[in-house]
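All remarks here apply to the structure that follows.
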Amino acid sequence: MACLGEHVPFRERYAWIEALIERRVMSFFTRKISRRTIMQALIALPALSLFRKPPAADPDAIVEVNGWILKRSDLT
Amino acid sequence: MIFDSYEAFRAVNFTAKVCVLGSGPAGTTIARKLGAAGIPVVVLEAGSREFSDDSQDFYRGVTVGDPYFDLDITRLRFMGGSSNHWAGWCRVLDSQDFEPKAWAPDTGWPIGRADIEPYLPEVHEILELPDFRPDVPISDDIRWVQLIKSPAVRFSEKFADELDKSRNVAVVLNTYATELAGDGKRVTGARLWSNGNDAGSFTADYFVVCTGGLENSRLLLWSNRRSNGGVVPNSTALGRYWMEHPTFEGGNAILADYSEFEVDATNEAFFSPTLAAMERLEIMNFGIRLIETPYPGIKSIIADLACTAPEMAEWMSYQLSQNLRCAAQLYVTWEQAPLASNQILLSKTDVDHAGVPRIELHWKKSELERRTLLEGLRLFGTTLVQKDLGRVRIADWLTNGGDYPTNEELAGHHHMGGTRMGTDVTKSVVDANSKVHGMDNLYVGGSSVFCTSGECNPTTTITALACRLGDHLGKVIGA
Ligand SMILES: Cc1cc2nc3c(=O)[nH]c(=O)nc-3n(C[C@H](O)[C@H](O)[C@H](O)COP(=O)(O)OP(=O)(O)OC[C@H]3O[C@@H](n4cnc5c(N)ncnc54)[C@H](O)[C@@H]3O)c2cc1C
């Protein structure tokens, strides 16, 4: 059974990874908050493309989401 | 010579060849041109040298339709007219503004930009303008245009001395032309009201109505009624096709590099569509004014972008940390489609102190204009994306189909149309020389002759047209 004492040195050694992970998780979280936005981004795609393998979407195509005029690649 | 009353003017023996009504930019410019050509001209000005509430009261009226400024607020009734508080923003109508647009009925002028171009050097002197730089196309759709913020010449201040010393020009203040009388061929006289009383009538060989973009229609409508059609024999279009430049905040922009566009002294830059873009989208002309957003405003725009495109927002935050200038408010001013239903009528119930019916202005923005505003912002946003110059966010009220906000500028105080220029007498009031159709001696100056409004402020074009009319009349009289 692992005890707390064994973990501490490991954590200290890899603290930078944790910070990185935390940043990733947070950034994932920020995106998750804007669910409405993701829905709108999906709506901006042609509906059928959800059901068949989409042709590689043009990253430079202009999309309008939440009033923003964006490049599709801005949404990734 | 400047006289403070009609009585004082009558005491001198001055025979005028031309009678100009109104001393705003149009009237003053025409009178100066004629005076310089040695033609004796009298300028009858309803107001005095200074602002007064009593004089402004003659300008009261009502607006029916969309919200608009009070009619006694949106113009000034004293020597120099509305140049006494104009902002001095200058630009000449583009050549494309004079062209008919297949998708917008009743557009197109009987003259082109080339007809006023010879007068632009004079206009630059009058309005104290540096040269305009040519437009810069930033895409096939959008031009970066220049609007010069001039020192806002007050015509009464600038020219009072010259007019006072002139032997050929007599400016008569406190003299209101309440109506013109005509026999269907000629104007035979102007009925006057001075210092609160009827002051008889005045005659001259030629009359030029320059009483402003609302009042020109009012004076001619009332005169025509009193003369049984003897002043504007073809009056179907009289008072109609009235236009403004509606102005609303339509959204925001985040710019990759604000210094990409050289802004003016107030950190603003201006953009308009190309003719090709207008044609493709079937929209009217518009002007987008980029106004730098103060720092607190930027944060909320980036926060909004973070909900939609987080990485883009992150990149923008970085830009912001590097350079505090990165966002702008987008104010849009647009050209109204000329509509016969937007018109000046005479009130049936209300008259001014001299007994002249007040104005009832019928004014509504159209669906085509709403589309112009929305598609214009999309066009601008698309250009910024394609050129990697930034990103645009269109205001919610526009994308949601909401009502126009009521707490904004509304429009430009630009009163255009009502006595428009044209060849079809059922759709216009004056010909290509600004002469009233069917009349030998009656001309109109000012933006009431505009057939379409373009997107830019009108006074530079008004002044150019006034130089042209002064020149033309000088030749007619001299011949
Ligand atoms: C707040 C404001 C800001 C503006 N800013 C700009 C700008 O930045 N750029 C731009 O291009 N334009 C601007 N304008 C518009 C500009 O002021 C007008 O286009 C210009 O003044 C019109 O000139 P005008 O000579 O045709 O008419 P006016 O300036 O209206 O002059 C008409 C004159 O006729 C007189 N008059 C009226 N009726 C009679 C009568 N029956 N008998 C005798 N005299 C009469 C009046 O007293 C007045 O002196 C602005 C206007 C306002 C109100």
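Just the heavy atoms: all of them, side chains too, but no hydrogens, waters or symmetry mates, feed the values below. Just so we're on the same page: letters track the sequence lines, and every chain starts at 1.
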Per-residue tally against chain A (heavy atom, under 4.5 Å) across B:T399, B:L377, B:V392 peaks at B:V392
Of B:D388, B:L305, B:I254, B:L398, the largest count of non-hydrogen pairs under 4.5 angstrom with chain A goes to B:L305
Residue [X] versus chain A: region with a heavy atom under 4.5 Å:
X	result
B:L374	neither
B:T382	both
B:L384	neither
B:N400	neither

What residues, two or more places apart in sequence or in another chain, satisfy ring-ring contact (aromatic ring centres under 6.0 Å, His included) together with B:F98?
B:W109
Applying a strict 4.5 Å limit to non-hydrogen atoms, the region of A:L70 in contact with chain B is both
Nearest-0.5 Å distance, CD of residue A:E64 to OG1 of residue B:T308
11.0 Å
Return yes if some donor-acceptor pair links the side-chain N/O of B:R378 with the main-chain N/O of A:I69 below 3.5 Å, else return no.
no
A side-chain contact here means heavy atoms from C-beta on lying under 4.5 Å apart; do A:W68 and B:V385 qualify?
no
